Asker: 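The structure's right below; bear with me while I get my questions together.
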Amino acid sequence: MIELFRSKIPLRLLFVLAVSFGLIACERFRSPAVPDQETNPSTDVQSTPFLPENIHLAFGNPTNAVSDPANKDNFLIVGEGSALSFNNSRGTVNWVSWKTTRADLGDSIPRPDFQADSRLPGGFKRVQYYDYSGSGFDRGHMVPSADRFANKKLNEETFLMTNIVPQTGALNQEAWERFESFTRSQVWRGNDVYQIAGVYGGNGVLRNKITVPTNCWKIIAIVPRGKKVEDFDRRMRIIAVDMPNIFGIEDEPWERYKVTIRAIEERAGIDLFSHLPRDVQDRLETTVEIQSR
């Protein structure tokens, strides 16, 4: 058999075949290639503009914020109790988004101290509670403390200074607070409420750190418990308000400040519901108050 094999195949060809076989064998035992995702840390999921699986981003990611320290004026933080876009130049958020359920509410709990937000990278402003002292402005919560009374840890998150903006007492303690109370009343009645709030405009700076906004806005989507915003249950309501951050509005009802979502988008430079089809966006964004029928 060997003699026959040698007589049929030239020696040079046998050598080539042997080398080829050896290369193939080596290739089979070589370690598998490392996926691109492992060699490129920037592909972390929190750096993506929209995180559809996060319950606190039902409105989408309206500024395409990312968790990139180079993106100082649109830096994304996804916490346990909310998601937010921090603006380092302003020293406040652009927006904060969160969900409130019956399980989040409860009796009043001891008030924690305000704290600088350690989730911000090095080189960012560290706004402190005393930066508001003597300014004439309240430390206004975006996510209300009362929306997190049932969980001490989540309540403490509402006292991080990234959740605070300068508000006049007339706004923070009156019309804004009444809208917050109305929102929680809807949760007590058996609904879940998706919320997003933010600021725009400038009317002075506190301690060369914090821009005082001219306006504070908020949008709420009231849905039956367990439903999502995009489910369009017939009992769903969406309400948007845009309130001036001024003195002298103590007696104004919050209903006076109802606007369309589209109006807030244009004034604040944001894009809500961008993950939904265009016809759905148009329906949600162009009515002063939506109540599905």
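For clarity, every value in this text was computed on a predicted model and none was experimentally measured. Below, all heavy atoms of this structure are taken into account, side chains as well, without hydrogens, waters or symmetry copies.
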Asker: Going by distance alone, is a donor N or O of one side chain under 3.5 Å from an acceptor N or O of the other, for S97 and Q195?
Answerer: no
Asker: Can you name the closest pair of heavy atoms from L276 and V280 and give their distance?
Answerer: CD1-CG1, 4.0 Å
Asker: Would you check if R267 and N215 make a side-chain contact, meaning some heavy-atom pair closer than 4.5 Å?
Answerer: no
Asker: Answer whether the closest heavy-atom distance between the side chains of L105 and F149 falls below 4.5 Å.
Answerer: no
Asker: Measuring from atom CD of E265 to atom CD of Q281, what distance do you get when rounded to the nearest 0.5 angstrom?
Answerer: 7.5 Å
Asker: Would you check if the side chain of S67 reaches a backbone N or O of L76 as a donor-acceptor pair within less than 3.5 Å?
Answerer: yes
Asker: Does one hydrophobic cluster hold both V165 and V212, with members joined at side-chain heavy-atom distances below 4.5 Å?
Answerer: no
Asker: Using only heavy-atom distances, determine whether the side chains of N245 and T214 contain a donor-acceptor pair under 3.5 Å.
Answerer: no
Asker: Salt-bridged, K227 to D192, with N to O below 4.0 Å?
Answerer: no
Asker: Which residues satisfy the salt bridge (Lys or Arg N to Asp or Glu O under 4.0 Å) test with R178, sequence neighbours excluded?
Answerer: E174
Asker: What do the steps show when you test I249 against F247 for side-chain contact (heavy atoms from CB on, under 4.5 Å), and what is the final call?
Answerer: CA-CA 6 Å; I249 60 170; F247 296 93; over 6 Å; no
Asker: Between CG of D147 and CZ of R184, what distance do you get to the nearest 0.5 Å?
Answerer: 5.0 Å
Asker: Working to the nearest 0.5 Å, report the span between NZ of K258 and OG1 of T260.
Answerer: 13.0 Å
Asker: Classify the side-chain pair D271/S274 by whether it contains a donor and acceptor separated by less than 3.5 Å.
Answerer: no
Asker: Report yes if some heavy atom in the side chain of I270 is under 4.5 Å from a heavy atom in the side chain of I264; otherwise report no.
Answerer: yes
Asker: Assess whether side-chain contact (heavy atoms from CB on, under 4.5 Å) is satisfied between Y257 and D242, documenting all intermediate values.
Answerer: CA-CA 6 Å; Y257 301 106; D242 185 3; 5.7 Å; no
Asker: For the aromatic rings, using the six-membered ring if either is Trp, is the centroid distance between F182 and W254 under 6.0 Å?
Answerer: yes
Asker: Take atom NZ in K152; do more than 12 heavy atoms of anything else shown fall under 6.0 Å from it?
Answerer: no
Asker: Does any part of the side chain of W176, heavy atoms only, come nearer than 4.5 Å to the side chain of M243, both counted from C-beta?
Answerer: yes
Asker: Taking I246 as the starting point, is it possible to reach V199 by hopping between hydrophobic residues whose side chains are less than 4.5 Å apart?
Answerer: yes
Asker: Let me confirm one number: the CD1-CD1 distance from I238 to I219, rounded to the nearest 0.5 Å.
Answerer: 8.5 Å
Asker: Between I261 and A240, which heavy-atom pair has the shortest distance, and what is it?
Answerer: CG1-CB, 4.1 Å
Asker: Are the side chain of K72 and the backbone of G123 linked by a donor-acceptor contact shorter than 3.5 Å?
Answerer: yes
Asker: Does atom CG of D279 have more than 12 heavy-atom neighbours from other groups under 6.0 Å away?
Answerer: yes
Asker: What about I210 and Y200, same hydrophobic cluster or not, with Ile/Leu/Val/Met/Phe/Trp/Tyr joined at side-chain heavy-atom distances under 4.5 Å?
Answerer: no
Asker: Just jot down the salt bridge (Lys or Arg N to Asp or Glu O under 4.0 Å) partners of R256, sequence neighbours excluded, or say none.
Answerer: E252
Asker: Supply the atom-to-atom distance I109 CD1 to R148 CZ, rounded to the nearest 0.5 angstrom.
Answerer: 11.5 Å
Asker: If hydrophobic clusters are built by linking Ile, Leu, Val, Met, Phe, Trp and Tyr wherever their side-chain heavy atoms come under 4.5 Å apart, do V259 and L272 end up in the same one?
Answerer: yes
Asker: Roughly how far, to the nearest 0.5 Å, is OG1 of T211 from CZ of R90?
Answerer: 5.0 Å
Asker: So, D68 side chain and A70 main chain: donor-acceptor pair closer than 3.5 Å or not?
Answerer: yes
Asker: For the hydrophobic clusters of this structure (ILVMFWY residues joined by side-chain heavy atoms under 4.5 Å, transitively), does one cluster hold both I164 and L171?
Answerer: no
Asker: Using side-chain contact (heavy atoms from CB on, under 4.5 Å), reason through M161 and N163 one step at a time and then give a plain yes or no.
Answerer: CA-CA 5 Å; M161 294 304 294; N163 186 52; over 6 Å; no
Asker: Give the minimum heavy-atom separation between P166 and T92, together with the two atoms involved.
Answerer: CD-CG2, 4.0 Å
Asker: Got I220 and I239 here, is their nearest side-chain heavy-atom distance under 4.5 Å?
Answerer: yes
Asker: Between T63 and N94, does any side-chain donor sit less than 3.5 Å from a side-chain acceptor?
Answerer: no
Asker: Check whether any side-chain heavy atom of S85 sits under 4.5 Å from a side-chain heavy atom of N64, and report yes or no.
Answerer: no
Asker: Of all residues at least two apart in sequence or in a different chain, which pass the side-chain contact (heavy atoms from CB on, under 4.5 Å) check with R119?
Answerer: I77, L84, D117, E157, L160, T162
Asker: Tell me every residue that passes salt bridge (Lys or Arg N to Asp or Glu O under 4.0 Å) with E250, counting only those two or more places apart in sequence or in another chain.
Answerer: none
Asker: Taking the side chain from R102 and the backbone from G190, do they hold a donor-acceptor pair closer than 3.5 Å?
Answerer: no
Asker: Answer yes or no: is there a donor N or O on one side and an acceptor on the other, between the side chain of K99 and the main chain of Y194, under 3.5 Å?
Answerer: no
Asker: Do you know which two heavy atoms are closest between R126 and A116, and how far apart they sit?
Answerer: CD-CB, 4.3 Å
Asker: For the residue pair S82 and V143, what are the closest heavy atoms and their distance?
Answerer: CB-CG2, 4.0 Å
Asker: Between D282 and R262, does at least one N-O distance fall below 4.0 Å, as a salt bridge requires?
Answerer: yes
Asker: Any sub-3.5 Å donor-acceptor pair from H56's side-chain atoms to V96's backbone N or O?
Answerer: no
Asker: Excluding sequence neighbours, so at least two apart, what forms salt bridge (Lys or Arg N to Asp or Glu O under 4.0 Å) with E255?
Answerer: none
Asker: Does anything in residues 61-118 form a ring pair (Phe, Tyr, Trp, His ring centres under 6.0 Å)? List the pairs, not counting sequence neighbours.
Answerer: F75-F124, F114-H141, F114-F159
Asker: Could you walk me through whether D138 and Q173 satisfy the side chain to side chain donor-acceptor pair (under 3.5 Å) test, starting with their C-alpha distance in whole Å, then the side-chain angles of each, then the deciding distance to 0.1 Å, before giving a yes or no?
Answerer: CA-CA 9 Å; D138 288 0; Q173 301 171 37; 2.8 Å; yes
Asker: Does any non-hydrogen side-chain atom of S145 lie less than 4.5 Å from one of E180?
Answerer: no
Asker: Hey, does the side chain of S135 reach the backbone of F137 with a donor-acceptor pair shorter than 3.5 angstrom?
Answerer: yes
Asker: Mind running side-chain contact (heavy atoms from CB on, under 4.5 Å) on Q115 and D113 for me, showing each step along the way?
Answerer: CA-CA 6 Å; Q115 299 288 342; D113 294 331; 3.8 Å; yes
Asker: Without swapping roles, check the side chain of D73 against the backbone of S89 for a donor-acceptor pair under 3.5 Å.
Answerer: yes
Asker: Please answer whether the main-chain N or O of K209 pairs with a side-chain N or O of K125 as donor and acceptor at a distance below 3.5 Å.
Answerer: yes
Asker: Decide yes or no for N87 and V93: does some side-chain heavy atom of the first lie under 4.5 Å from some side-chain heavy atom of the second?
Answerer: no
Asker: Count the heavy atoms of every other residue, nucleotide or ligand shown that sit under 6.0 Å from OH of Y129, and state whether that count exceeds 12.
Answerer: no
Asker: Taking all non-hydrogen atoms of both residues into account, name the closest pair between P144 and T158 and its distance.
Answerer: O-CG2, 3.9 Å
